[in-house]
Amino acid sequence: MLEIKFVRQNLSEVEKSLSTRGDTADLETFKNCDAARRKTLLEIEDLRHRRNVVSDQIADMKKKGEDAESLVLEMREVSARIKELDKSLSENEEIIRNIIMGLPNIPHESVPVGKNESDNPLLKQIGKPPEFDFEPKPHWELGEKLGILDFERASKITGARFPLYLGMGSRLERALINFMLDIHTTEHGYKEILPPFIVNRQTMTGTGQLPKFEEDLFKLEGLEYFLIPTAEVPVTNIHQAEVLNEDQLPIRYTAYTPCFRSEAGSYGKDTRGLIRQHQFNKVELVKFSKPETSYDELESLLDNAEIILKRLELPYQVITLCTGDIGFSAAKTYDIEVWMPAQGVYREISSCSNFEDFQARRANIRFKRKGKKGTELVHTLNGSGLAVGRTFAAILENYQQADGSVIIPQALRSYMGGVEKIS
RNA sequence: GGAGAGGUGGCCGAGCGGCUGAAGGCCCUGCUCUCGAAAAGCAGUAUUCUGCCAAAAGCGGAAUCGUGGGUUCGAAUCCCACCCUCUCCGCCA
């Protein structure tokens, strides 16, 4: 969420930034309601001030045994008037809140302006796509033939877009999770977290999924609880409504969780395979930093995620999301895309973002500088490190052999009990 | 699910209609003392909104004692509802 004062004082800048995102908002209503709110507030505070002063008088008079009846009667009316004004105030505040909560973050100045994903500039390409002397198969075919993935039975159990891993498939998924967590905790200084997979409405609002994107979430029936769409949500909210000490920062957390997404509006897209599922596994990286270092932290976060692909020797590229493609809460985002030979394209496998103080303001996460008065909002960041299901798919496709078997990447073998190949 | 206890500032904890934005303590910051440190002493130290101001500083006002309502001239304090935590019982991986 943006600061109300900032929006008020920079209406045209906010409007401009909205349009580079291809988004709009009713800033006219905001302007009117905000002005009305402040006018009402002034009046209310005036009345309340009067009431406070007179109430003291009444107390004094009563103590002295004097008759305060006329003042009491007068204040009765003042209180009634305050109540009236309060109502119109909270109505205005509700409207303002709705508009403010629906405003996306303002992209950082380094974010390229663009309309959509085709305008995302390429930052770098690492590794060479493997060359096959046969037609590379898609991972769902390989997986089903090897008996390590079974989409048909999964749909029997639940429905479309749910994964069922079996045997060495389950083992590979678990190996990847451990591999990623181990690197981030022992080499990159992240603390491992295992959070709840179900969160409440406030938590979802804190990171920006609510109120705008409720349809993307799975909600528990009859409860104000939601399945998490990413570990970002519970992990960022660990410090919800807290004041951190300057010397605690930066805080780095990593967490494995399953992720649940309704994928509303993506019917017909990536219907086959592990790319787009209602449930998938992900290892997430989350950081809390001081404002002045958050962009350095974003670069190192990207590094930390890239390392996984480098160790697995998977070819990938990194792009910078342009203003038209960047997410609602983010000020800047890098996407890491892994090479998928069967489709001959790079597919997103990680998204690394700096949210600056956008989430911190919603979730009320602040810090105190040593020797300084007051508090400041922290900057929050997160990135996938990595999406496990998509990594699984990438390994199958990039390491496939002519006979349909799959070689296990060197770095992963110790996590696979020494297995070198799935066949 | 049943019974009870409780939710107060960065932390601990008092208060149970007006003198309480909140005692006392801790933490932290500055100063005194010291060669320095510790100890001790003194002082300071919540947040949000808002008015004056171009802005900052400053000064003024309002709000905030789990959340939302209510009673009252006046609520941390009384009433109602809800949320959360803890203890005991039951059930259970």
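Throughout, a chain's letter reflects where its sequence line sits, starting with A, and its residues are numbered from 1. Bear in mind that the values here come from a model prediction, so they are computed numbers and not experimental data.
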CA sep, side-chain torsions, deciding dist, call: A/R362, A/T205, side-chain hydrogen bond (donor to acceptor under 3.5 Å, both in side chains): CA-CA 7 Å; A/R362 290 175 163 241; A/T205 307; 5.8 Å; no
Worked verdict on A/L85 versus A/L47 for side-chain contact (heavy atoms from CB on, under 4.5 Å): CA-CA 10 Å; A/L85 290 170; A/L47 289 171; 3.7 Å; yes
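B/rA75 and B/rC65 have their P atoms separated by 11 Å, with the value rounded to a whole Å. Here the separation of B/rA93 from B/rU87, taken at their C1' atoms, is 23 Å to the nearest Å. Nucleotides B/rC27 and B/rG15 place their C1' atoms 23 Å apart, quoted to the nearest Å. B/rA63 and B/rG74 have their C1' atoms separated by 15 Å, given to the nearest Å. Here the separation of B/rA14 from B/rU77, taken at their C1' atoms, is 13 Å to the nearest Å. The separation of B/rC89 from B/rC19, taken at their C1' atoms, amounts to 47 Å, rounded to a whole angstrom. Between the P atoms of B/rA23 and B/rC79, the separation comes to 25 Å (whole Å). Here, B/rA76 and B/rG21 have their P atoms 8 Å apart, quoted to the whole Å.
The CG-P distance, from A/N364 to B/rC49, rounds to 11 Å in whole Å. Between the CG atom of A/L244 and the P atom of B/rC11 there is a distance of 12 Å, rounded to whole Å. Between the NZ atom of A/K368 and the C1' atom of B/rC27 there is a distance of 11 Å, given to the nearest Å. What separates CD of A/E246 from P of B/rG10 is a distance of 18 Å, to the nearest Å. With rounding to whole Å, A/E45 atom CD is found 13 Å from B/rU64 atom C1'. Remark: P of B/rG51 and CG of A/L47 are 16 Å apart, rounded to the nearest angstrom. Rounded to an integer number of Å, the gap from NZ of A/K63 to P of B/rG74 is 18 Å. A/L377 places its CG atom 12 Å from the C1' atom of B/rU48, with the value rounded to the nearest Å.
Note on A/R8: only backbone sugar-phosphate atoms sit closer than 4.0 angstrom, heavy atoms only; bases stay farther off. A/R37 comes within contact range of the sugar-phosphate backbone alone, with a heavy-atom separation under 4.0 Å but no base atom that close.
A/S300 and A/K287 share a donor-acceptor pair across their side chains, judged by distance under 3.5 Å alone. No side-chain N or O of A/S329 forms a donor-acceptor pair with one of A/N105 less than 3.5 Å apart.
At a threshold of 4.0 Å, the pair A/R366-A/E242 does not count as salt-bridged, since none of the basic side-chain nitrogens sits closer than that to a carboxylate oxygen. Salt-bridge annotation for A/R201 and A/E224: present, with a side-chain N of the basic residue lying under 4.0 Å from a carboxylate O of the acidic one.
For the OP1/OP2 pair of B/rA63 and a distance below 4.0 Å, the side-chain nitrogens and oxygens of A/N52 include at least one atom meeting the criterion. Distances shorter than 4.0 Å separate some side-chain N or O of A/R38 from OP1 or OP2 on B/rG51. For the pair A/H49 and B/rG61, the criterion of a side-chain N or O lying under 4.0 Å from OP1 or OP2 is not met. Proximity of A/N245 to the phosphate of B/rC28: no side-chain N or O atom is located under 4.0 Å from OP1 or OP2.
Using bins of under 30°, 30° to 60° and over 60° for the plane-to-plane angle, the ring pair A/H278/A/F162 lands in the tilted bin. Note on ring orientation: taking the six-membered ring where Trp is involved, the planes of A/H188 and A/Y190 are perpendicular (angle over 60°, cut-offs 30° and 60°).
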Base-pairing string, 5' to 3', of RNA chain B - Watson-Crick or wobble, under 3.5 Å, | interstrand: ((((((((.[[[..)..(.....]]].(((((.......))))).(((((((.....))))))).[[[[[..)....]]]]])))))))....
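In the displayed structure, A/K124 atom NZ is contacted under 6.0 Å by more than 12 heavy atoms of other residues, nucleotides or ligands.
For A/Y295 and A/H108, the gap between ring centers is short of 6.0 Å.
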Nucleotide-resolved protein contact map, nucleotides 66-73 of chain B, B/S/- at heavy-atom distance under 4.0 Å: ----SS-B
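In this structure, A/D34 and A/D46 both approach RNA chain B, and ranking their closest nucleotides by distance from the 5' end singles out A/D34.
Contact of the A/F30 side chain with the A/I96 side chain is registered, since non-hydrogen atoms from C-beta on lie closer than 4.5 Å.
Taking the side chain of A/L41 as heavy atoms from C-beta on, and the options B/rA62, B/rG10, B/rC49, the nearest nucleotide is B/rC49.
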